[in-house]
Chemist: 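Mind looking over this structure? Questions follow.
Throughout, numbering of the chain's residues begins at 1 and tracks the sequence.
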Amino acid sequence: MEVDAKAAARFLSARLLLPLIAMPVLGLGVALALIGWIYTGLAVIALGFVVPRLIKRGAPSFLLQRAIEDPATYDALMRANVMRLAARRPAAEGCGPHGAQFRDHGSQ
């Protein structure tokens, strides 16, 4: 299963309406800075920029977990081309499940 990180960020941003939430938060920060609460206003502005980016950064793992739990989310992600089924590559001969090679060298 492959998750496109950029598509996942766009999908989650649209689902959560992040721009619609971030704009009033940034406006509140500017308003606080203008009325004299400069440090509080700057902190709110910083949160308005940082929190949406953190949400977008964690979007692939969050959406993959949601897709495992909810068939409707899985279908929506597949239709939006956020997730794709990847072809499974055959394991190399002599490799274990984690890529380690195990050979029988005989007992001495």
Chemist: Holding to side chain to side chain contact (heavy atoms under 4.5 Å, CB included), I want the full list of residues that pass it with Asp4, two or more places apart in sequence or in another chain.
Modeler: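 Asp4: side chain to side chain contact (heavy atoms under 4.5 Å, CB included) contacts with Lys6, Ala7, Arg84.
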
Chemist: Distance-only criterion, 3.5 Å: show the donor-acceptor pairs between side-chain atoms of residues 46-64 and protein atoms not counting sequence neighbours.
Modeler:
unit_1: Arg53; atom_1: NH1; unit_2: Phe49; atom_2: O; d: 3.1
unit_1: Ser61; atom_1: OG; unit_2: Gly58; atom_2: O; d: 3.2

Chemist: Name all residues meeting the side chain to side chain contact (heavy atoms under 4.5 Å, CB included) criterion together with Leu85; count only those two or more places apart in sequence or in a different chain, and write none if there are none.
Modeler: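 Leu85: side chain to side chain contact (heavy atoms under 4.5 Å, CB included) contacts with Met1, Tyr74, Met78.
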
Chemist: Side chain to side chain contact (heavy atoms under 4.5 Å, CB included) with Ala80: which residues, sequence neighbours excluded?
Modeler: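 Testing Ala80 for side chain to side chain contact (heavy atoms under 4.5 Å, CB included), a comparison that skips the adjacent residues, returns Phe11, Val82.
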
Chemist: Listed by chain and number, what are the salt bridge (Lys or Arg N to Asp or Glu O under 4.0 Å) partners of Arg66, not counting sequence neighbours?
Modeler: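 Partners of Arg66 under the salt bridge (Lys or Arg N to Asp or Glu O under 4.0 Å) test: Glu69, Asp70.
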
Chemist: Using residues 24-40 as the side-chain source, report each donor-acceptor pair under 3.5 Å to any protein atom, sequence neighbours left out, with the distance given to one decimal.
Modeler:
none

